[in-house]
Amino acid sequence: MTGKILIAYTSRKGSTAEIAQAIGKELEAAGNSVAVADMKEISSIEGYQAVVIGTPIYLGQVEKAVPGFVGRNRDGLLSVPVAAFAVGITPVNSPAAAVEEVLGNLRAALEPVKPGAVTMFAGRLELSRMSFLQRTMIGAMKILTGDFRDWDAIKAWARGLPAILKI
Ligand SMILES: Cc1cc2nc3c(=O)[nH]c(=O)nc-3n(C[C@H](O)[C@H](O)[C@H](O)COP(=O)(O)O)c2cc1C
């Protein structure tokens, strides 16, 4: 079966937006009708049979836009299947427990909505896209920089979504 799916993302530097687009393409290729949009610009989720929510992680936190979006669309989100993904540098070189902690934060940010699936993808961290302050912080924290997005893993997750979302 196929359906009408909304992919609602937030993104500071574009890497989460591109992941949202890639997931959208994959779902479209499977015959679904897909809208990909910045969650701050979504006025209603009416008419969608499922919603996928995507957020980057900054300083361990899910973006505030997520609880904002959930709050504005609470009733709608409680009545359709929801899946969510986080994007960050944690999966690149941290223990699985660190990723689990982020996923716990993601679940908490979605409350009272219970997602059918949550995952975390490695993102992109490029010094050239950062402010002086951010560069200094990232340097001091010895955080890896680069584009770590694994498009095959992203597409594979997207292909599994229809079963999870029951569409
Ligand atoms: C100042 C700063 C803090 C960050 N903190 C985290 C973090 O705590 N955990 C994590 O996994 N990634 C962290 N990242 C990496 C971002 O999540 C990653 O660059 C992501 O791909 C950004 O998404 P965007 O391009 O959609 O904004 C941080 C990046 C910056 C610049």
Side-chain angles (χ1 to χ4, degrees), residues 5-28 34-43 45 48 50-73 77 82-111 113 115-161 165:
I5 305 169
L6 174 65
I7 304 183
Y9 67 85
T10 182
S11 182
R12 291 193 204 182
K13 305 282 181 184
S15 65
T16 306
E18 287 171 7
I19 291 173
Q21 295 289 352
I23 292 170
K25 270 195 182 153
E26 207 61 27
L27 288 169
E28 241 163 32
V34 183
V36 183
D38 184 326
M39 61 179 76
K40 294 183 221 80
E41 278 151 29
I42 296 169
S43 51
I45 63 162
Y48 293 102
V51 179
V52 180
I53 294 173
T55 175
I57 301 298
Y58 282 90
L59 303 177
Q61 302 298 313
V62 168
E63 293 283 74
K64 289 205 172 64
V66 174
F69 176 70
V70 172
R72 285 194 304 281
N73 299 283
L77 288 170
V82 172
F85 64 93
V87 178
I89 223 68
T90 306
V92 178
N93 63 347
S94 301
V99 172
E100 285 305 317
E101 196 179 323
V102 170
L103 295 180
N105 291 347
L106 179 57
R107 285 184 187 279
L110 294 169
E111 286 284 351
V113 172
V118 290
T119 193
M120 183 170 198
F121 297 121
R124 175 187 65 197
L125 190 54
E126 276 166 1
L127 291 175
S128 61
R129 291 172 196 268
M130 282 177 217
S131 65
F132 174 74
L133 190 67
Q134 285 177 333
R135 271 201 292 270
T136 311
M137 258 171 57
I138 296 296
M141 290 159 78
K142 300 204 174 13
I143 293 174
L144 285 175
T145 57
D147 189 346
F148 301 101
R149 290 172 297 173
D150 179 344
W151 298 108
D152 288 339
I154 291 162
K155 285 182 201 162
W157 189 74
R159 280 196 294 273
L161 278 177
L165 299 174

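Note that ligands are numbered from 1 as they come in the structure, with each ligand's atoms numbered from 1 the same way. Side chains included, hydrogens not; waters and symmetry mates left out as well; all remaining heavy atoms used. Everything numeric in this text was worked out from a predicted model, so none of it was measured.
- Residue L59 places at least one N or O, backbone or side chain, under 3.5 Å from an N or O of ligand 1.
- Between G60 and ligand 1, at least one N/O pair is under 3.5 Å apart.
- Taking every non-hydrogen atom of G123 and a distance limit under 4.0 Å, the qualifying atoms of ligand 1 come out as 21 (O).
- Atom 14 (N) of ligand 1 has as its closest protein heavy atom I57 O, 3.4 Å.
- Any N or O atom pair closer than 3.5 Å counts here, and T10 shares no such pair with ligand 1.
- For K25, the NZ atom counts as loosely surrounded, since its 6.0 Å shell holds 12 or fewer non-hydrogen atoms of other residues, nucleotides or ligands.
- Protein heavy atom closest to atom 18 (C) of ligand 1, with residue, atom name and distance, is R124 O, 3.6 Å.
- The CG atom of L103 sits 12.5 Å away from atom CZ of F85, with the distance rounded to the nearest 0.5 Å.
- No donor-acceptor distance shorter than 3.5 angstrom exists from the side chain of E41 to the backbone of D38, with no hydrogens or angles considered.
- Near S15, with a cut-off below 4.0 Å to any heavy atom, the atoms of ligand 1 are 20 (C), 21 (O), 22 (C), 23 (O), 24 (P), 25 (O), 26 (O).
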Let me see the working for K13 and E126 under salt bridge (charged side-chain N to carboxylate O under 4.0 Å, His left out), right down to the final yes or no. CA-CA 9 Å; K13 305 282 181 184; E126 276 166 1; over 6 Å; no

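- Within the listing of ligand 1, atoms 24 (P), 26 (O), 27 (O) sit less than 4.0 angstrom from a heavy atom of R12.
- With respect to Y9, the side-chain contact (heavy atoms from CB on, under 4.5 Å) criterion is satisfied by exactly one of V66, V36, T55: V36.
- In the vicinity of M137, heavy-atom distances shorter than 4.0 Å reach the ligand 1 atoms 1 (C).
- Heavy-atom distances between M120 and ligand 1 reach below 4.0 Å in at least one pair.
- The distance from ligand 1 to the heavy atoms of G88 drops below 4.0 Å at these ligand atoms: 10 (C), 11 (O), 12 (N), 17 (O).
- Near V87, the atoms of ligand 1 lying under 4.0 angstrom from a non-hydrogen atom of the residue are 17 (O), 21 (O).
- In terms of polar-atom proximity, defined here as any N/O pair under 3.5 Å, I89 does make such a contact with ligand 1.
- Ligand 1 has a nitrogen or oxygen under 3.5 angstrom from a nitrogen or oxygen of T90.
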